Trainee: 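Next up is a structure, given as structure tokens.
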Amino acid sequence: MTLRLFNTLGRSIEKFEPIERRRVRMYTCGPTVYGPAHVGNFRSFVFADLVRRYLEWSGYDVTWVMNITDVDDRIIRIAKEQGISIEELTERHADGFREDLRRLRVTPPDRMPRATEHIPDMVALIETLLDRGHAYRTEDGSIFFRIQSWPAYGRLASLEPEQMRVGERVEADDYGKDDVRDFALWKAAKAGEPSWTTAIGEGRPGWHIECSAMSMRYLGHSFDLHTGGVDLIFPHHEDEIAQSEAATGERFVRTWLHCAHLQLGGQKMARREGNIERPADVYQRGYTPRVLRYALMRTHYRAPLEYTDETLVHAAREVERIDTALAALDAYRNEAAGDPSVPALLEGCRERFKSGLDDDLNVSDALAGVFELVRELNRRVSDRSLSTTDARAAAASIRELDRVLAVAQEDESALPEPATRLLEERVAARAARDWATSDRLRDELLGYGVVVEDTRDGQRWRRAVEVAGG
RNA sequence: GGCGACGUACCCAAGUGGUUAAGGGGGAGGUCUGCAAAACCUCUAUUCACCGGUUCGAAUCCGGUCGUCGCCUCCA
């Protein structure tokens, strides 16, 4: 069984075969840093991270590039409104974005190029498009891509250019294009807007060109995977394909992956709809980042996900179940002969996990296998049929799968010092059968986000999933 | 108007032609336990939005209907 993925280009599930045997090059359209990103945005970034982690887990070397868009209309407008420089605004939100990724345990991309640092690459690309007759200049000095020059336009989105509903949402002025469907590669300088002096004139880049320039700069003219939300299919990704392939004459991206939207109140979560929630809001409500990560990841990426109060509650319960099982296995001691059924149990779970994820990243199926394993192991912990070695192997096996999921609690080295001390004091109190002290310490530990449970193997603890800071 | 996605129990959610429709949550009952928590056991969909059709056999394939959502020029 090998990995099969749904390619938006062609709308079918295909066997995944990277251009190079053991190496995968992937690109993700990153944020426009005009403000903090919302939970819906993070669905697509967590999804991209799942792809990256799963590929690495499967043995590939992955080069992952995610851009940061740090110049565009909204950035210019908001910086103006707030009376700060564009650099100050974008720096602040780019930092915030990186911090959000870190907390959500998104593997740091190998590169996070910024648009403003790649103007020469974009200019070179636009020059080529001008030379080849795919782009033209308007009176004010702006440059547009000529859609009519590219017959394959509309293939990704499966839209016929002739049937597009032109005119409804196109701004009337729009720099005097030849055809309303043509899109901007370069916007001529305007008073009060940032601009660069370049070989193609004074101005700033359009949105789409930056992704073509930066992806090809770091990944080559042809690379394996490109991810984003479904809302980027058209026009953003369609335009990327047109301008990239028209410039290089080579296939741009092999496989396009798009995740469905996160919905709130029956509608796509979007700033424009006014129904957004940010990671910080989630943490404020007492859920840990890994619960949010899990919530965004636990359903299939191509299915719309309705975000409700229950979404996080369910996620917290499931994460907790995995944590509890790991804590129980870690605390387990039984110097006895091993349970001969354990290796097959662990291997069976791993196989199911892999076959689930190989099937277009069917996380639900993979997780069902993990939960079945958890139940089997809990049963064996209860009846004490495991040896200490079995328990170690089982915990290691679950943590091995968690290299993909990245939701389990981290080891105890991360515990705050006072909590470690309280745990020790509580062990002593229990040894003295001082229940009053034992119960008081249990409450105090909860204040540190540590849940304590008593078993025949003694006290064991795990991190609460609903207290901020996990 | 065009294109696309989705509709499985109280909730979330797998399953896409063939034994009893995964898994988690919630609920009910039980076991264990200093208390608590966790865990374990039993129960909780004769049925897959609806209507037809194909087939020995359909949640799965085909046709139609209804409902929800998205995209159709700068939105993850």
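Keep in mind the model is a prediction, meaning the values are calculated, not measured. Chain identifiers are assigned alphabetically (A, B, ...) following the order of the sequence lines, protein sequences preceding nucleic acid strands; residue numbering begins at 1 within each chain.
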Trainee: Can you pull the ring-ring contact (aromatic ring centres under 6.0 Å, His included) pairs that have at least one residue in residues 349-380 of chain A, sequence neighbours excluded?
Mentor: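 Applying ring-ring contact (aromatic ring centres under 6.0 Å, His included) to every pair that reaches into residues 349-380 of chain A, excluding sequence neighbours, yields A:W57-A:F353.
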
Trainee: Could you tell me how the ring of A:H134 sits relative to the ring of A:W150: parallel (under 30°), tilted (30 to 60°) or perpendicular (over 60°)?
Mentor: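 Geometry flag for A:W150 against A:H134: perpendicular rings.
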
Trainee: Answer with yes or no whether A:K187 presents, from its side chain, a donor or acceptor under 3.5 Å of a partner atom in the base of B:rC74.
Mentor: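 Answer yes: a donor N or O sits under 3.5 Å from an acceptor.
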
Trainee: Is it the case that the side chain of A:S244 and the backbone of A:E240 share a donor-acceptor pair, with hydrogens and angles ignored and the cut-off at 3.5 Å?
Mentor: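 Checked: pair present.
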
Trainee: Rounded to whole Å, how long is the line connecting atom CZ of A:F47 with atom C1' of B:rA76?
Mentor: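 The distance from CZ of A:F47 to C1' of B:rA76 comes to 11 Å, rounded to the nearest Å.
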
Trainee: Does the structure place the NZ or CZ of A:R103 under 6.0 Å from the centre of the six-membered ring of A:Y283, at an angle of no more than 45° from the ring's axis?
Mentor: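 The answer is yes; both the distance and angle limits are met.
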
Trainee: Holding to salt bridge (charged side-chain N to carboxylate O under 4.0 Å, His left out), I want the full list of residues that pass it with A:E245, two or more places apart in sequence or in another chain.
Mentor: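 With neighbours one apart ignored, the set is empty.
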
Trainee: Does CZ in A:R456 sit with more than 12 non-hydrogen atoms of other residues, nucleotides or ligands closer than 6.0 Å?
Mentor: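 No, not enclosed.
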
Trainee: State which residues pass salt bridge (charged side-chain N to carboxylate O under 4.0 Å, His left out) with A:E277; sequence neighbours excluded, sorted by chain then number.
Mentor: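 Salt bridge (charged side-chain N to carboxylate O under 4.0 Å, His left out) list for A:E277, sorted by chain: A:R285.
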
Trainee: With sequence neighbours excluded, what pairs up with A:R111 under the side chain to side chain donor-acceptor pair (under 3.5 Å) test?
Mentor: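 Partners of A:R111 under the side chain to side chain donor-acceptor pair (under 3.5 Å) test: none.
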
Trainee: In residues 307-317 of chain A, which residues come under 4.0 Å of RNA chain B by heavy atom?
Mentor: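 Residues of residues 307-317 of chain A under 4.0 Å from RNA chain B: A:E310, A:H314, A:R317.
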
Trainee: Please write out the pairs of protein N or O atoms and N or O atoms of nucleotides 27-29 of chain B separated by less than 3.5 Å, giving the distance to one decimal.
Mentor:
none

Trainee: RNA chain B: A:V230 or A:H208, which has the more 5' nearest nucleotide?
Mentor: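 Per heavy-atom nearest nucleotide, the more 5' residue is A:V230.
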
Trainee: Taking B:rA14 as the reference, what is the distance to B:rU8 when you measure between their P atoms (whole Å, please)?
Mentor: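 The answer is 10 Å between these two P atoms.
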
Trainee: Listing time: all N or O pairs from protein to nucleotides 14-21 of chain B that are below 3.5 Å?
Mentor:
from   : atom 1 : to     : atom 2 : distance (Å)
B:rA14 : OP1    : A:H300 : N      : 3.4
B:rA14 : O5'    : A:S364 : OG     : 3.4
B:rA14 : O3'    : A:N362 : ND2    : 2.9
B:rG15 : OP1    : A:N362 : ND2    : 2.6

Trainee: For nucleotides B:rC43 and B:rC3, find the distance between their P atoms and express it as a whole number of Å.
Mentor: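 It comes out at 49 Å once rounded to the nearest Å.
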
Trainee: Closest-nucleotide mapping onto RNA chain B: is A:S438 or A:Q267 further toward the 5' terminus? I mean the 5' end.
Mentor: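 With A:S438 and A:Q267 compared, the 5'-side residue is A:S438.
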
Trainee: I need the CG-P distance between A:L101 and B:rA76, as an integer number of Å.
Mentor: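 In whole Å, B:rA76 P lies 14 Å from A:L101 CG.
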
Trainee: For B:rG25 and B:rU33, measure between their C1' atoms and round to the nearest Å.
Mentor: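 Taking atom C1' in both B:rG25 and B:rU33, they lie 25 Å apart.
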
Trainee: Decide if atom CG of A:D443 counts as having more than 12 heavy atoms of other residues, nucleotides or ligands within a radius under 6.0 Å.
Mentor: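 Yes, the 6.0 Å shell around CG holds more than 12 heavy atoms from other groups.
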
Trainee: Sequence neighbours left out, what passes salt bridge (charged side-chain N to carboxylate O under 4.0 Å, His left out) with A:E347? Give chain and number order.
Mentor: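 Salt bridge (charged side-chain N to carboxylate O under 4.0 Å, His left out) list for A:E347, sorted by chain: empty.
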
Trainee: Grab the CZ-P distance between A:R11 and B:rC71 for me, whole Å please.
Mentor: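 In whole Å, B:rC71 P and A:R11 CZ are 14 Å from each other.
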
Trainee: Check the distance between B:rU73's P and A:D239's CG and give it to me in whole angstrom.
Mentor: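 Rounding to the nearest Å, CG of A:D239 and P of B:rU73 are 11 Å apart.
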
Trainee: Please check: side-chain N/O of A:T227 versus main-chain N/O of A:A48, any donor-acceptor pairing under 3.5 Å?
Mentor: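 Pair absent, no side-chain N/O of A:T227 close to backbone of A:A48.
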
Trainee: Among residues at least two apart in sequence or on other chains, which ones pass salt bridge (charged side-chain N to carboxylate O under 4.0 Å, His left out) with A:D402?
Mentor: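 For A:D402, no residue satisfies salt bridge (charged side-chain N to carboxylate O under 4.0 Å, His left out) once neighbours in sequence are set aside.
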
Trainee: Report the C-alpha distance between A:T324 and A:R462 in whole Å, list the side-chain angles of each, state the deciding distance to 0.1 Å, and finish with yes or no for side-chain hydrogen bond (donor to acceptor under 3.5 Å, both in side chains).
Mentor: CA-CA 7 Å; A:T324 307; A:R462 62 192 157 82; 3.2 Å; yes

Trainee: Could you label the plane-to-plane angle of the A:W256 and A:H258 rings as parallel, tilted or perpendicular, counting under 30° as parallel and over 60° as perpendicular?
Mentor: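 Parallel.
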
Trainee: Are OP1 or OP2 of B:rA76 and a side-chain N or O of A:K268 less than 4.0 angstrom apart?
Mentor: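 No, because none of the side-chain N or O atoms of A:K268 sits under 4.0 Å from OP1 or OP2 of B:rA76.
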
Trainee: What's touching nucleotides 36-40 of chain B from the protein side, N or O pairs under 3.5 Å?
Mentor:
from   : atom 1 : to     : atom 2 : distance (Å)
B:rA36 : N6     : A:D454 : O      : 3.3
B:rA36 : N1     : A:D454 : N      : 3.2
B:rA36 : N3     : A:R442 : NH1    : 2.9
B:rA37 : O2'    : A:E453 : OE2    : 3.2
B:rA38 : O4'    : A:E453 : OE2    : 3.2
B:rA38 : O2'    : A:R460 : NH2    : 3.2
B:rA39 : OP1    : A:R321 : NH1    : 3.3
B:rA39 : O3'    : A:N378 : ND2    : 3.0
B:rA39 : O2'    : A:S382 : OG     : 3.1
B:rC40 : OP1    : A:R321 : NH2    : 3.1
B:rC40 : OP1    : A:N378 : ND2    : 3.2
B:rC40 : OP2    : A:R321 : NH1    : 3.4

Trainee: Write down the distance separating the P atoms in B:rU46 and B:rA38, rounded off to the nearest Å.
Mentor: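 B:rU46 and B:rA38 have their P atoms separated by 30 Å.
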
Trainee: Between B:rU68 and B:rG18, how far apart are the two C1' atoms, rounded to whole Å?
Mentor: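 These two C1' atoms come out 33 Å apart once rounded.
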
Trainee: Tell me which residues in residues 427-437 of chain A put a heavy atom below 4.0 Å from RNA chain B, sorted by number, or none.
Mentor: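 Listed by number, they are A:R430, A:W435.
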
Trainee: For A:Y332, does the six-membered ring have the charged nitrogen or CZ of A:R384 within the cation-pi criterion, i.e. under 6.0 angstrom from the centroid and within 45° of the normal?
Mentor: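 Pair A:R384/A:Y332 counts as cation-pi.
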
Trainee: Could you tell me how far B:rC61 sits from B:rA22 if I compare only their C1' atoms? Round to whole Å.
Mentor: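 Nearest-Å result for B:rA22 against B:rC61 at atom C1': 23 Å.
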
Trainee: In whole angstrom, give me the gap between the C1' atoms of B:rA21 and B:rA58.
Mentor: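 Pairwise C1' distance, B:rA21 against B:rA58, rounds to 13 Å.
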
Trainee: Should the ring pair A:F145 and A:F183 be called parallel, tilted or perpendicular, given that the plane angle runs from 0 to 90° and is split at 30 and 60?
Mentor: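 The arrangement is parallel - the two ring planes meet at less than 30°.
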
Trainee: Are A:F42 and A:F97 close enough that some pair of their side-chain heavy atoms sits under 4.5 Å apart?
Mentor: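 Contact flag for A:F42/A:F97 side chains = yes.
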
Trainee: I'd like the P distance from B:rC10 over to B:rC50, given in whole Å.
Mentor: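 Roughly 13 Å separates the two P atoms.
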
Trainee: Which stems, defined as runs of 3 or more consecutive Watson-Crick or G-U wobble pairs with both pairing distances under 3.5 Å, involve RNA chain B?
Mentor: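 B:1-7 with B:66-72, B:10-12 with B:23-25, B:26-31 with B:39-44, B:49-53 with B:61-65 - these are the stems of 3 or more pairs that involve RNA chain B.
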
